[in-house]
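Note: hydrogens, waters and symmetry copies are ignored here, and every other heavy atom, side chains too, is used. From a predicted model like this one, the values you see are computed outputs, not experimental measurements.
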Amino acid sequence: MSRRPSQITNRLAQEIYNLDNILEFSRNLNSASNLKKIADSILLTGMADKGIEVIALLLAEQGLPNIFTLRMFQRTKRELEGKIFPISSTLVRQLNRTSHIILNNTLEAENPATGKMMSALQCQLLLPVLHQDRLRGILCCRQKLRSKKYTEEDEQLFQLISLQTGVAINNILTLTRLERSKAQLNRKVAELEAVEEISRALLESIELSEVAHNLLHSVTRYLGTSSGSLYVFDANHPHHLELVGQQGLNGTEIPKHVCVEENAAHLLRNQPVLSTSINLPDSLRNLWDKVDAGIGFPLNWAGQTLGLCLIGNKTGISEYQPSEVDVAALLVQQAVAPIHNSQLYLQLKEYNRDLQQKVEARTHELQQANEELRQAHERMAKELESAALLQKTMLPQAFPLVPGIELDHFFQAATETGGDWFDYIHVKDHLIILIGDVTGHGMSAAMVTAAACTTCFQLQQLYTLYTDFQLTPAFILEQLNYTVFKAAQRKYLMTFFVASLNLRTGELRFANAAHNFPLLCRAQRPLGHLVGSGVHLGAAAHSTYQEERLFLKKDDLLIFYTDGLIDNTNPQGKNFGMRQMRRFFQKEYGKNAHELAKKLCQESQTFYDNHPLEDDITFVVLRVAEDFREPPT
């Protein structure tokens, strides 16, 4: 039984709505900066219409395939945020093999901790988040409207969410790691600059007071405090500390000389850092209080204590961070040599020369690295040039001359190597039109396109050589799917559309692998589409595709295209869009194929106004110019 026009219209509207949602989902994922925005993007795919709500995300711990960390998206159960939960190996394997899992009561028996967590979240549905064939996370969802069984369309949606969410989460985690590494690198740079500064200042210092000034200035500035004092032991009185420098203590009566006990000297020799948590001898405690110290650094050299550096508290901060203390201790140790004797001064100069040599060696290494990068860039440019030449040779240089059929086409790559490809097979009494689009650009995408092109060429040879060989659209897609799967290993997917026209009867058979629906224009009838469904090429090793058919007649017009024609944006951020393309063909329907192709090319280029293309533009125009010899009865 044929469908009513209203049912077809509703179906097409739903398909367009779903495609718009998926495109919006992809755009939002590309711009998502945190996990909450990823969850919001997922709901835009239509999951909310199906009564599914993303509650939380379980992120896999690196190196621990069964351990996951909980990230919340709702305001309920916030105490669970960041907690670690084990997931059974059985459940992990299931999630790696399926698009979704509807939870049941057996989960709590197999993994009580996880089962209780899912119950607390009121979670009934799990969606795997995959990246590079590995389970990187689990989307915990609530089903407001329970469904006994999901359709194939739902499973395809879940697979799309799984793969694209995995890529987006991996990008966010990678960015977080890079930002953390950048912060650590900046901190290390600041530490090295502080060490270099005090080393340079102390190397220039001769008098003890100058050493003290440079030391206190560097340490207090690094730690963010304003006060400090430096005491050294008198060479003639090993238990007497003498003040040799101070900063930020003007007007404060601080001791110039301090006599310390034997146990105090022993403490200074064996304690690298002093703080309020240490039980100080009375003499050191009194000195500590009078200079309002927050932290202290004994100056030890070769088993001998040379003195004590005391630094005040930070403003508004009660304790120093361990990393700050470590760097400050390093800064203080830079002052031990000048205080001890001039011989160490010469050693420090030698150290500076060594440091200079290391810098020069590092500079030489960086120069070599830059040269290698330059050479690599040149090799990459040559590879891109080769890939562009390869892609050009794969595209048809002219359209076949078929009596009664008008053909024309247009191709414009967004970069040196595009992801679009199309071709014609004109053998016997059939004209086959092929058009596809690889996700991504560059050398790898070009190789996937080359593999698909080779497969089509081989199929054409078989079709030419063997009279009983049936080259149907569904068969072509099945062979291409296996080729793309083997060539890309799921790193790249490909949309594809195949249409086979019987030149005697006008019968058109076609099959679709997630490609844009070609436009069908007929006299005195509304514009329609060649509607067919099928999964992306390369999504699985073995996929089957459904064929549809219709009969063409004189003056019928078909437009095959890739999404770059309608989805690229002009300088104002607007895209050409399906609505504008439909208006164009309604207006220009009476022209022949060559005029239509030329006019559409001019129209799109005027619209995009030389704005850099984000995706390749490809289209093929076919018009039936004469009646077929054997029309259908």
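Taking the ring centroids of H409 and Y424, they lie under the 6.0 Å cut-off. Between H542 and Y482, the gap from one ring centroid to the other is short of 6.0 Å. Here the two rings, on F510 and F497, have centers that are under 6.0 Å apart.
Counting only residues at least two apart or on different chains, the side-chain hydrogen bond (donor to acceptor under 3.5 Å, both in side chains) pairs with a member in residues 594-604 are D408-H594.
Among all heavy-atom pairs drawn from A452 and T483, the shortest one is N-CG2, 4.3 Å. Minimum interatomic distance between G532 and F517 (heavy atoms only, all atoms of both residues): O-CE2, 3.2 Å.
Here E507 pairs with R509 in a salt bridge; the nearest charged N to carboxylate O distance falls below 4.0 Å. The pair E626-K554 fails the salt-bridge criterion, with no side-chain N (NZ, NE, NH1 or NH2) lying under 4.0 Å from an Asp/Glu carboxylate O.
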As a quick check of understanding, evaluate side chain to side chain contact (heavy atoms under 4.5 Å, CB included) for L519 and L558, giving each step before the final call. CA-CA 6 Å; L519 197 62; L558 283 174; over 6 Å; no
Run the numbers on K182 and E179 for salt bridge (Lys or Arg N to Asp or Glu O under 4.0 Å), then give the verdict. CA-CA 5 Å; K182 180 180 178 182; E179 290 177 346; over 6 Å; no
Is there a side chain to side chain contact (heavy atoms under 4.5 Å, CB included) between L126 and L95 once you walk through the steps? CA-CA 8 Å; L126 299 181; L95 288 167; 4.2 Å; yes
Please report the C-alpha distance between V624 and D555 in whole Å, then the side-chain angles of each, then the deciding distance to 0.1 Å, and finally whether the side chain to side chain contact (heavy atoms under 4.5 Å, CB included) criterion is met. CA-CA 5 Å; V624 180; D555 294 332; over 6 Å; no
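Using a 4.5 Å heavy-atom cutoff, the side chains of T472 and E547 are in contact. Annotation: side chain of L431 is in contact with side chain of L503 (closest heavy-atom distance under 4.5 Å). Side-chain contact between H536 and H515 is absent, with no heavy-atom pair separated by less than 4.5 Å. Counting heavy atoms from C-beta on, the side chains of D567 and F576 never come closer than 4.5 Å. At least one side-chain heavy atom of L600 sits under 4.5 Å from a side-chain heavy atom of F585. Side-chain contact between H430 and L501: absent, with no pair of heavy atoms (C-beta onward) separated by less than 4.5 Å. Looking at heavy atoms from C-beta onward, I138 lies out of side-chain contact with V129 at the 4.5 angstrom threshold.
At most 12 heavy atoms of other shown residues, nucleotides or ligands fall within 6.0 angstrom of atom CZ in F457.
Of the N and O atoms on the side chains of D420 and T618, at least one donor lies less than 3.5 Å from an acceptor on the other residue.
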